[in-house]
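Notes for the one structure printed next.
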There are 2 protein chains.
Amino acid sequence: MSGRLQAELRQSKPFSSLEQETHLNLVRTCEHLEQGIEETLKPSGLSPSQYNVLRILRGAGEQGLACGEVAERMVTRDPDVTRLLDRLEQRGFISRTRENRDRRVITVRVTGEGLNLLRDLEQPMADIHRRQLGHLGEKKLEMLIQLLEEARAD
Amino acid sequence: MSGRLQAELRQSKPFSSLEQETHLNLVRTCEHLEQGIEETLKPSGLSPSQYNVLRILRGAGEQGLACGEVAERMVTRDPDVTRLLDRLEQRGFISRTRENRDRRVITVRVTGEGLNLLRDLEQPMADIHRRQLGHLGEKKLEMLIQLLEEARAD
DNA sequence: TGATATTAATCGAAGCAACGATATTTGACA
DNA sequence: TGTCAAATATCGTTGCTTCGATTAATATCA
């Protein structure tokens, strides 16, 4: 068994299976990375989910997206996108307009202010990603990606 | 670039760097695994953190652990362990006793009821781990563990 | 000793998340 | 057409998280 996680957990026989050890390593790594992301976003008062939504909307461009489409594209699934959007709208980063074509759907768009915020975050976010994972090098990153995609394919 | 995550995100140019792609793959995979864990734990009304605490305490045995030590050993860091323990104590899965040696610390122990709960969860948890990651096989799991540990070492 | 700092755990308040239930609008079809 | 089902987004409630402040006990050291 690998020693690093064992040391972190301070137990002598922490794992009952290789699958479990992998799981714990994944969760730990994720936690570690998310912590860095949160710190980078904290000055602008955005949560990772909110940042994710703004980027999704920037990707969608002028035509915007329906609420449900935003929910589908989020990295982590949010059971109540409405209130997430509420907070972004209150701060002026997105706008909502009800469609006349189908009055059930509400189209969401990122505002100019939202785009400015994203622009300001671009460099810091690139930096933190690099700092956190850059030391692995291209080859290992690709291996890791490959393994993770395979892990999700069940 | 790998195709799977790109399809999930439904964007044509989602990544500005390999590090970012790795990060997103990690978060997605974690999310996916945690979802399975949550479903397995739901019948007993435990959150992953609560389950984690019970296992930590079982590992510590009769002598128990101080609150702070529990917090240190958790997989995901919780800024307020007190209330997490409150809920477990209310349900009878743990007990708390103030130490006379140093009256600042409170020792936490898992109760018999807590141990029973853990025993009942053992098989379902082993099953879900196997179902989620077993298809990778021993070799790839070890590779993944190795890469994840390396990723955290920055 | 007495004053200050440190450590351990808890609590108050505010905001957030999760789960269902509820409008509102549209579609399907007898 | 009228009725029922489906889709879309929102809201109500309850419980959980988080942040900082607070209490209490111990350690430090002039």
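Letters A, B, ... mirror the listed sequences (proteins, then strands); counts begin at 1.
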Side chain of [X] - closest among [options]:
X       : options                   : answer
C67(B)  : dT25(C), dT10(C), dC11(D) : dT10(C)
D78(A)  : dT10(D), dT7(C), dA18(C)  : dA18(C)
V105(B) : dT10(D), dT26(C), dA8(C)  : dA8(C)
D102(B) : dA25(D), dT10(D), dA9(C)  : dA25(D)
R96(A)  : dC16(D), dT10(D), dA9(C)  : dT10(D)

> Out of Q123(B), H129(B), R130(B), R131(B), which one pairs with D127(B) under the side chain to side chain donor-acceptor pair (under 3.5 Å) rule?
Replying inline: Q123(B)

>> Please tell me whether N52(B) and R73(B) have a donor and an acceptor in their side chains that are separated by less than 3.5 angstrom.
In response: no

Given atom [atom1] of [X] and atom [atom2] of [N], what is their separation to the nearest angstrom?
X       : N       : atom1 : atom2 : value
L84(A)  : dA9(D)  : CG    : P     : 14 Å
E39(A)  : dC19(D) : CD    : P     : 10 Å
L85(A)  : dA9(D)  : CG    : P     : 10 Å
E38(A)  : dC16(C) : CD    : P     : 13 Å
R101(B) : dA9(C)  : CZ    : P     : 11 Å
E99(A)  : dA7(D)  : CD    : C1'   : 15 Å
R98(B)  : dA25(D) : CZ    : C1'   : 9 Å
E72(B)  : dT7(C)  : CD    : C1'   : 12 Å

> With a non-hydrogen cut-off below 4.0 angstrom, is D80(B) in contact with a base, only sugar-phosphate, or nothing?
Replying inline: base

>> Quick check: closest heavy atoms across E19(A) and L133(B), and the distance to 0.1 Å?
In response: O-CD1, 3.6 Å

> After noting the C-alpha distance and the side-chain angles of L26(A) and L148(A), does the key distance pass the side-chain contact (heavy atoms from CB on, under 4.5 Å) rule?
Replying inline: CA-CA 10 Å; L26(A) 264 163; L148(A) 290 171; 3.6 Å; yes

Is the phosphate of [N], meaning OP1 or OP2, less than 4.0 Å from a side-chain N or O of [X]?
X       : N       : value
R103(A) : dA7(D)  : no
R83(B)  : dC19(D) : no
K42(A)  : dT18(D) : no

>> Just so I know, are the side chains of V81(B) and V53(B) near enough to count as touching, which here means a heavy-atom distance under 4.5 Å?
In response: no

>> If you go through the side-chain atoms of R104(B), does one of them form a donor-acceptor pair with the base of dT7(C) closer than 3.5 Å?
In response: yes

